[in-house]
Amino acid sequence: MPIVAKLTERSEKDERLHRIRHSTAHLMAAAVQSLWPETKLAFGPAIEDGFYYDFDTEHRFSDDDLRTIEAKMRELARRKARFERQEIRKSDALDLFVRLGEKLKAEHVETLPDGEITLYRSGDFVDLCAGPHVEHTGQLQHFQLTSVSGAYWRGDENREQLQRIYGTAWESREELEAHLARLEEAKRRDHRVLGKDLRLFDFPELAGPGLPFYLPKGAHILQALKDWMWDLHVSGGYGHPEKCYEPLLTPHILKTDAWHTSGHIQNYRENMFMVYSLDELDQGLLAQESKEGSSKEGLGNYGLKPMNCPGHLMLYNVGTKSYRDLPVRYFEFGTVYRYERAGTLHGMLRVRSFTQDDAHIFCTPEQYPDEIEGVFDFCCHILDTFGFEYHVGLKTRGEKRIGDDAIWDMAEEGLRRILEKRAAGKYYVQEGDATFYGPKVDFIIKDSLGRDWQGGTIQLDFNLPDRFQLEYVDADNQRKRPVMIHRAILGSFERFFGLLVEEFAGALPLWLAPLHVRVLPIGEAQADYARGVVSALGQAGVRAELDDSAEKLGKKIRNGKTEKIPFLVVVGAQEVASGTITVEGYFDGKIREVTRVEELAQRIHQEIAAKTPRRR
RNA sequence: GCCCACGUAGCUCAGUCGGUAGAGCACAUCCUUGGUAAGGAUGAGGUCACCAGUUCAAUUCUGGUCGUGGGCUCCA
């Protein structure tokens, strides 16, 4: 099971890089304060591949400023100022930063435990810092400032708006150049670039931001994914043939009252699109409702669903459930709509309309550990099918939530037990990142630039069954409340699609490829023969098409490779004479042992059946 | 939503220190019928994202809007 643990220990090499990066952050801060003396400091840590420093200043840093700061940094580095460690009392540190006007530093000092506090000096620059650092600034040479962005003090958008400058730093020029080359390479795997080049999907500007449209090839891939997932659900999911899921289909809008019952209006409102008729609007009914203190709060009669759970909760209530019916496992490939803030949209990885491979499992309190374990295995199986490396994290209760603490204790402990059993030592915990109705286990996949994205999720919920008054009749003839598990395996088809494209650099596994074979006749004389090959492949269940353009073979090959078509079949006079084909594989080059249509079809079917994940 | 940058042909990009624009690829027609990653010729294609302002004149300067990218915040 290739769950990858988040690294907590650093190698010696990492340690050296960490010193360089953190020291370079100090050097940058010194340069910035030298150029703009009124600038105040926030935090400036080392991060993966580099560092950043947050500044509090009226000046707005531009890209040109970065070059100026870099030049100043190199000038300061030439002075080879030593990094000197200094321990002082907390009260002295406080005095120092207050005297320097470093308001944020002083605020931070106050949060530190009493006792000695370490400072680091290099030249005229002094910073609150635990270290360690390199010996002197002359050792800082292989860096580059990369970007400027906004940030908030302590990550709180209600606090000071700061400006963050990012940089990268390495031990040698070669390492720095290799890093920049890796970034270039990552662009070639970017699903947004490939999605455009390969004609998979589009985001029409007229439609609105974050609304993905699938072009024919993308729709093909998506449908193959959906068919696969549907089959796995109705046949029981991975490794649990007795645990079949049953499909549901629910509407895209529900009455506003439903979203009150679920708690979404109270806890999820900033993400919701509401729906009202123009008639209501024209008649001023919305404003009227607003005044009369109606439950609709002037939001209109309906809300567009940001989640599928309320619909499933309502359907559980159809008919009386016996303990013999449990667990009930309902799934739906449900399209949801969320008002994501404009700055957060990102290709297919973060959109405003997306389809979840969503399911809700209703079971007894005794059953949920086994259910969660089954879902856990399901997630691992799907990710392993593609050979993804992924992290697993536990997210616990946050500020916005419904339900008693005792219930949260129980739910969090339940998830923790499963993780200890299935991923001991490999999972990590994020306090406060749960959903508003329950804690969750998330499966995290990285994109081509190493950014984390949540895919599968398992959420344990003791609260919504209560709000929707779900019941089952137990063996003792008592009415009892079921436990609910919300889960998605891929997460959403859109995000998973995007991550697949990046993982495979656009050359998807054969079973997902929109086209398997393109047949390339060398000249017009072979057109009929080529058509016969296409048709024979089609008869054999292979997706094939003909390239009858008036181009030379070299050009047709190049086009096919550029489009990442898995197999190209060349037919010329020789093939016609011998009744054969010549096969060129995207990954294989010329495949000499395959000379007949049936052999190619067989090979393709084998690779499809095995779902072989091939990469360059 | 916030900070910075960007928006020129279907795609990738030049360009105009203010005088309404150009290349390559793709597309169309024609020539070429060619054996493993780009054959040739001709042609069509742009309200220079949108809306205001300044100006004799704005694609270019200024402001706003929309959209995109890198981050912050937030999440599948």
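What's counted below: heavy atoms across the whole structure, side chains too, no hydrogens, waters or symmetry copies. Everything numeric here is computed off the predicted structure, so don't read it as measured data. Labels below follow one simple rule: chain letters A, B, ... track the order of the sequence lines, proteins then strands, and each chain is numbered from 1.
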Rounded distance in Å between the [atom1] positions of [N] and [M]:
N	M	atom1	answer
B/A49	B/U33	P	45 Å
B/U12	B/C56	C1'	37 Å
B/G40	B/G24	C1'	16 Å
B/G46	B/G1	P	33 Å
B/C31	B/U68	C1'	42 Å
B/G69	B/U62	P	25 Å
B/U42	B/U8	P	28 Å
B/A23	B/A38	P	24 Å

**Study point:** Criterion side-chain contact (heavy atoms from CB on, under 4.5 Å) against A/Y437, the qualifying member of A/R401, A/M484, A/M307
**Key:**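 In the set A/R401, A/M484, A/M307, the residue that makes a side-chain contact (heavy atoms from CB on, under 4.5 Å) with A/Y437 is A/M307.
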Review point. When A/P521 is tested against each of A/V569, A/V533, A/V571, A/V576 for side-chain contact (heavy atoms from CB on, under 4.5 Å), which residue passes?
Key: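 Answer to the side-chain contact (heavy atoms from CB on, under 4.5 Å) test with A/P521 among A/V569, A/V533, A/V571, A/V576: A/V571.
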Review point. Could you write nucleotides 60-76 of chain B as a row of B, S and -, 5' to 3', where a protein heavy atom under 4.0 Å of any base atom gives B, of only sugar-phosphate atoms gives S, and otherwise -?
Key: -------SSSBBBBBBB
Point to revise | Protein proximity profile, nucleotides 35-48 of chain B - base contact B, sugar-phosphate-only contact S, no contact -, cut-off 4.0 Å on heavy atoms | key: BBBBB---------
Exercise for review: Indicate, with yes or no, if the rings of A/H252 and A/Y337 have centres closer together than 6.0 Å.
Suggested key: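 So the answer is yes for these two rings.
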Practice item. Apply side-chain hydrogen bond (donor to acceptor under 3.5 Å, both in side chains) to the pair A/Q430 and A/T396, showing each step before the final yes or no. Key: CA-CA 6 Å; A/Q430 280 181 11; A/T396 62; over 6 Å; no
Tell me, yes or no, whether the heavy-atom count around [X] atom [atom1], taken from other residues, nucleotides or ligands under 6.0 Å, exceeds 12.
X	atom1	result
A/R596	CZ	no
A/E389	CD	no
A/R199	CZ	no

Point to revise | Donor-acceptor contact present, side-chain A/E502 to main-chain A/S448, <3.5 Å | key: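 Side chain of A/E502 to backbone of A/S448: a pair is present.
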Review point. Tell me, what's RNA chain B's dot-bracket, Watson-Crick or G-U with both distances under 3.5 Å, | for other-strand, [ ] crossing?
Key: (((((((..((((.....[..)))).(((((.......))))).....(((((..]....))))))))))))....
**Study point:** Contacts of A/F587 that satisfy ring-ring contact (aromatic ring centres under 6.0 Å, His included) - sequence neighbours left out
**Key:**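 Result, ring-ring contact (aromatic ring centres under 6.0 Å, His included) vs A/F587: none returned.
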Exercise for review: Indicate the atoms forming the closest heavy-atom contact of A/F504 with A/F386, along with that distance.
Suggested key: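 It is CZ-O, 3.6 Å.
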Review point. Tell me: CD of A/Q163 to C1' of B/A5, nearest whole Å?
Key: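 Taking atom C1' of B/A5 as the reference, CD of A/Q163 is at 13 Å.
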Review point. CG of A/D64 versus C1' of B/C6: gap in Å, rounded?
Key: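 Distance check: A/D64 CG to B/C6 C1' gives 14 Å.
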Check your understanding: Passes side-chain hydrogen bond (donor to acceptor under 3.5 Å, both in side chains), A/H59 versus A/T57? Steps please.
Key -> CA-CA 5 Å; A/H59 179 76; A/T57 172; over 6 Å; no
Review point. Can you check salt bridge (charged side-chain N to carboxylate O under 4.0 Å, His left out) on A/E185 and A/R188, steps first, answer last?
Key: CA-CA 5 Å; A/E185 172 59 28; A/R188 282 191 280 280; 2.9 Å; yes
Check your understanding: If you look only at pairs with a residue in residues 47-64 of chain A, which of them pass as a salt bridge (Lys or Arg N to Asp or Glu O under 4.0 Å), with sequence neighbours excluded?
Key ->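 Listed by first then second residue: A/D54-A/R164.
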Check your understanding: Picking from A/F388, A/W453, A/F333, what satisfies ring-ring contact (aromatic ring centres under 6.0 Å, His included) with A/F496?
Key ->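 So the option named by the test is A/F388.
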Exercise for review: Could you check which residues of residues 43-62 of chain A get a heavy atom under 4.0 Å from RNA chain B? Sort them by number, please.
Suggested key: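 Contacts with RNA chain B under 4.0 Å: A/R60, A/F61, A/S62.
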